[in-house]
Amino acid sequence: MSTQYWLMKSEPDECSIDDLEAAPGQTVPWFGVRNYQARNFMLKEMRVGDGVLFYHSSCPVPGVAGLAEVASAPYPDASQFDPASPYHDPKSPRDKPRWSLVDVRFKRKTRLLPLKEMREAPELASMVLLKPGSRLSITPVTPEEWAAVKHRLAHPPT
DNA sequence: GCCAACGTTGGC
DNA sequence: GCCAACGTTGGC
């Protein structure tokens with residue numbers, strides 16, 4: 001199977017690209033996803049080595065802040081069973097966990113590619129992230145979109 | 001802090 | 001299985 005690509009949103013207050021770089025093994029478990037569509041991407045479609053656009057959300061300048069990769073097969077998200085966690089899900093059966101995650105490994109920081117610039121870029125108009133009303137925290141990225149983002153990262157507007 | 005969009009819940 | 005109420009996301 002050929003390489004797939006994803007965009008994954010993270011609040012920099014929770015886990016920024018710098019936090020990912022500083023993490024043990026430069027890898028973090030992508031815990032806390034509580035949306036079935038986003039979960040299914042991790043559970044059913046991601047493969048180790050898939051490319052990830054690391055996106056900062058809910059912050060002063062939202063946008064792509066770095067590149068990462070899928071670093072594990074899916075496994076159950078431990079936070080669903082932790083009563084102290086904000087991600088605790090009392091309805092998730094121990095023997096049949098509702099929520100799974102993958103590990104994500106740091107590749108490199110990039111310049112910040114702001115959401116505003118992405119919206120203004122015709123070659124990125126097809127991205128799921130930019131669809132009106134889109135709120136998914138994990139979205140697929142086509143090879144063409146991946147290439148266009150990398151090109152734009154390397155060639156900032158003047 | 002506002003609010004539009006969207007997902008989930010639960011009564012019926 | 002419908003759908004109104006409610007909660008969440010996330011840009012602005």
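We name chains A, B, ... by the order of the sequence lines, and we start the count at 1 in each one.
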- [ ] Would you classify A/K91 as touching base, sugar-phosphate or nothing, given that sugar-phosphate means primed atoms plus P, OP1 and OP2, and contacts are heavy atoms under 4.0 Å?
- [x] sugar-phosphate

Task: Salt-bridge present (A/R111, A/E117; N to O < 4.0 Å) - done: yes

Open item on the list: Check A/R34 with A/D89, please: is the shortest side-chain N to carboxylate O separation under 4.0 Å?
Closed with: no

- [ ] On the 0 to 90° scale, with breaks at 30° and 60°, tag the A/W146-A/Y5 ring pair as parallel, tilted or perpendicular.
- [x] parallel

Task: Charged N-O contact under 4.0 Å between A/D18 and A/K109 - done: yes

TODO: At under 4.0 Å between heavy atoms, which parts of nucleotides 7-12 of chain C does protein reach? Answer with one letter per nucleotide, 5' to 3': B base, S sugar-phosphate only, - none.
DONE: -BBBSS

Task: For A/V33 against A/W99, the heavy-atom pair lying closest together - done: O-CE3, 3.5 Å

